[in-house]
Amino acid sequence: MNHATLPFRPVFIIGAGRSGTNILRDAICALPDFATWPCDEINPIMRHGNIGMDHDRFTAQQATPAVAQFIRAAFTKEWKRQGKPAFVVEKTCANSLRVAFLNAIFPEALFIHLYRHGGDVIASARKRWRGEMELPSIPYYWAKTRFTPLIDLPIYGWRFVRSRFRKATGQAEHMSAWGPMSPAMLSLNPDASLEEICTRQWVDCVSTASADLEQMDDTRTFPIAYEDFVAKPAEILDAIAQFAGAQVTSEQLQMAAANVRTNSVGKGATVLAGCDQAIRDMAQPVLTQLGYSD
């Protein structure tokens, strides 16, 4: 598929939900020549033309010419609104299940793979599934609505209400859906524990992204452990800038790294230790693959 040359380079942060993609995006976009969307995620733009799929595992086959043209045009429009920066950064977490899809649409894109200890992700994701960390509704959802194609808006409105209804009425301990949805998640037992749901979600997002990224030229991919990023943010940001070919100063790196904290690191092993053996067995191969000792 041939595409017109973009006057900027897309940069996708690929990571499971609750892996630190927000703070990494914000830090990168504090550097000159990097900008992002004024919205937490743009899943409706990514799903336009494929909204009927009940999961987020898109392959290159879903990147039809019409879909690719729509998404590339949306990025170009946002690039203009942001003052025509050299790089447009995007971090929708469901993209971890559709790297091949993105690569088919943006063959010029760079991919940063951010991963985090599964226990820390599961602990945080549980809160989101329970609705304990819902962001302020009016500004947050208005920003999402702005970037939802009008024709798709009623579908997302219904899904939003449906996913929260049983939780709001006390019929369930958690929402029916939150974050990236993998095909395997659809096959879980209806009585699956929230820990199993969160673990399945993390495992599928990380393993799928890793497998897809391994098929790409390594000059376009950059893996980062969340723990390394928060421990030495200026150093990691410098490496990212070099990876992208951007020129930054030490002062700019220090300013961009100023709000990065380490206080959410270190509970992962304890969280997993409290889970059933089947859940620990599900998580362990991916933990090992990523280099975590426990």
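What's counted below: heavy atoms across the whole structure, side chains too, no hydrogens, waters or symmetry copies. Residue numbers run from 1 in the order of the sequence given.
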Note to self: I'd like to know if Ile112 and Val89 are part of one continuous hydrophobic network [Ile/Leu/Val/Met/Phe/Trp/Tyr, side-chain heavy atoms within less than 4.5 Å].
What the structure shows: yes

Check: Which atom pair, heavy atoms only, marks the closest approach of Phe58 to His55?
Finding: CE1-O, 3.4 Å

Next item on the list: Give a yes or no on whether the backbone of Met185 and the side-chain of Ser182 come within a donor-acceptor separation of less than 3.5 Å.
Entry: yes

Checklist line | Nearest heavy atoms of Trp202 and Val121, plus distance in Å | finding: CD1-CG1, 3.7 Å

Checklist line | Hydrophobic cluster membership, Met181 vs Leu188, 4.5 Å side-chain cutoff | finding: yes

Margin query: Can you confirm whether the side chains of Thr59 and Gln61 place a donor and an acceptor under 3.5 Å from each other?
Written below: yes

Check: Is Asn50 close to Phe101 at the side-chain level, that is, under 4.5 Å between some pair of heavy atoms?
Finding: yes

Notebook entry, point to check: Heavy atoms, side chains only, cut-off 4.5 Å: are Val11 and Val88 in contact?
Noted result: no

Note to self: Is it the case that the side chain of Arg47 and the backbone of Met53 share a donor-acceptor pair, with hydrogens and angles ignored and the cut-off at 3.5 Å?
What the structure shows: yes

Next item on the list: Start with the C-alpha gap between Thr288 and Gln284, add the side-chain angles, then the distance that decides, and say whether side chain to side chain donor-acceptor pair (under 3.5 Å) holds.
Entry: CA-CA 6 Å; Thr288 300; Gln284 191 57 55; 3.1 Å; yes

Item checked: Chi angles and distances behind the side chain to side chain donor-acceptor pair (under 3.5 Å) call for Trp178, Gln201 -> CA-CA 10 Å; Trp178 173 81; Gln201 186 177 51; over 6 Å; no

Check: Which value, rounded to the nearest 0.5 Å, describes the distance between His48 atom NE2 and Asn43 atom CG?
Finding: 13.5 Å

Next item on the list: Kindly indicate whether the side chain of Met216, heavy atoms from C-beta on, has any atom under 4.5 Å from the side chain of Asn103.
Entry: yes

Margin query: Does Leu114 form a side chain to side chain contact (heavy atoms under 4.5 Å, CB included) with Ile14? I'd like the steps, not just the answer.
Written below: CA-CA 6 Å; Leu114 180 68; Ile14 303 297; over 6 Å; no

Check: Ala184 and Asp204: which non-hydrogen atoms are nearest, and at how many Å?
Finding: CB-OD2, 3.3 Å

For residues 222-234, tabulate all N or O donor-acceptor pairs below 3.5 Å that involve a side-chain atom, not counting sequence neighbours.
unit_1, atom_1, unit_2, atom_2, d
Tyr226, OH, Ser264, OG, 2.8
Glu227, OE1, Tyr292, OH, 2.6
Glu227, OE2, His117, N, 3.1
Glu227, OE2, Tyr292, OH, 3.3

Margin query: Is there a side-chain contact between Asp212 and Arg98 in this structure, where contact means two heavy atoms from C-beta onward sitting under 4.5 Å apart?
Written below: no

Note to self: Donor-acceptor pair, distance only, cut-off 3.5 Å: does the side chain of Arg261 make one with the backbone of Ala258?
What the structure shows: yes

Name each donor-acceptor pair under 3.5 Å that joins a side chain in residues 71-78 to protein atoms two or more places apart or in another chain, with its distance.
unit_1, atom_1, unit_2, atom_2, d
Arg72, NH1, Ile105, O, 2.9
Arg72, NH1, Glu108, OE1, 3.1
Arg72, NH1, Glu108, OE2, 3.3
Arg72, NH2, Ala4, O, 2.6
Arg72, NH2, Glu108, OE2, 3.1
Thr76, OG1, Arg72, O, 2.9
Glu78, OE1, Arg81, NE, 2.8
Glu78, OE1, Arg81, NH2, 2.4
Glu78, OE2, Gln82, NE2, 2.7

Item checked: Value rounded to 0.5 Å, distance of OG1 in Thr92 from CD1 in Ile42 -> 5.0 Å

Margin query: Let me check something: do Trp37 and Phe87 share a hydrophobic cluster, defined by ILVMFWY side-chain heavy atoms less than 4.5 Å apart, either directly or through other members?
Written below: no

Margin query: Rounded at 0.5 Å granularity, tell me how far CD in Gln277 sits from CG in Asp281.
Written below: 4.5 Å

Check: For the hydrophobic clusters of this structure (ILVMFWY residues joined by side-chain heavy atoms under 4.5 Å, transitively), does one cluster hold both Leu6 and Phe70?
Finding: yes

Next item on the list: Under the side chain to side chain contact (heavy atoms under 4.5 Å, CB included) rule, what do Ser193 and Ile279 come out as? Steps first, then yes or no, please.
Entry: CA-CA 10 Å; Ser193 69; Ile279 292 175; 4.0 Å; yes

Checklist line | Side-chain touch Val99/Leu102, heavy atoms, less than 4.5 angstrom | finding: no

Notebook entry, point to check: Roughly how far apart are Ile28 CD1 and Thr21 OG1, rounded to 0.5 Å?
Noted result: 10.5 Å

Notebook entry, point to check: Under the ring-ring contact (aromatic ring centres under 6.0 Å, His included) test, which residues partner Phe111, sequence neighbours left out?
Noted result: Phe12

Next item on the list: Taking all non-hydrogen atoms of both residues into account, name the closest pair between His3 and Ala68 and its distance.
Entry: CE1-CB, 3.7 Å

Next item on the list: Hey, could you give me the CD/OG1 distance between Glu214 and Thr221, rounded to the nearest 0.5 Å?
Entry: 9.5 Å

Item checked: Heavy-atom side-chain contact between Glu90 and Thr36 under 4.5 Å -> no

Item checked: Single-linkage hydrophobic cluster Phe243~Ile13, side-chain heavy atoms < 4.5 angstrom -> yes

Notebook entry, point to check: Counting N and O atoms only, with roles assigned by atom type, does the side chain of Arg57 sit under 3.5 Å from a partner on the main chain of Leu97, one being a donor and the other an acceptor?
Noted result: yes

Notebook entry, point to check: Counting N and O atoms only, with roles assigned by atom type, does the side chain of Arg25 sit under 3.5 Å from a partner on the main chain of Asp40, one being a donor and the other an acceptor?
Noted result: yes

Checklist line | Asp276 (side chain) donor-acceptor with Ala278 (main chain) under 3.5 angstrom | finding: no

Checklist line | Polar side-chain atom of Arg280 near backbone of Cys275 as donor-acceptor pair, under 3.5 Å | finding: yes

Notebook entry, point to check: Quick check: does any side chain N or O of Ser19 sit under 3.5 Å from a backbone N or O of Tyr115, one acting as donor and the other as acceptor?
Noted result: no

Checklist line | Neighbour count above 12 (heavy atom, 6.0 Å) for Gln247 CD | finding: no

Notebook entry, point to check: Taking Asp56 for the side chain and Pro180 for the main chain, is one N or O donor matched with an acceptor at less than 3.5 Å?
Noted result: no

Check: How far does OG of Ser96 sit from NZ of Lys91, to the nearest 0.5 angstrom?
Finding: 10.5 Å

Margin query: Could you report the tightest heavy-atom contact between His113 and Ala209, atom names first, then the distance?
Written below: NE2-CB, 3.9 Å

Notebook entry, point to check: Does any N or O in the side chain of Trp79 come within less than 3.5 Å of the main-chain N or O of Pro85, such that one atom is a donor and the other an acceptor?
Noted result: yes

Margin query: Is any side-chain heavy atom of Glu196 closer than 4.5 Å to one of Thr199?
Written below: no

Item checked: Closest heavy-atom pair and its distance - Ser124, Arg18 -> OG-NE, 2.7 Å

Item checked: From CA spacing to verdict: side chain to side chain contact (heavy atoms under 4.5 Å, CB included), Leu213, Asp218 -> CA-CA 8 Å; Leu213 288 166; Asp218 59 11; over 6 Å; no

Item checked: side chain to side chain contact (heavy atoms under 4.5 Å, CB included) assessment of Ile23 paired with Val260 -> CA-CA 7 Å; Ile23 187 63; Val260 179; 4.2 Å; yes

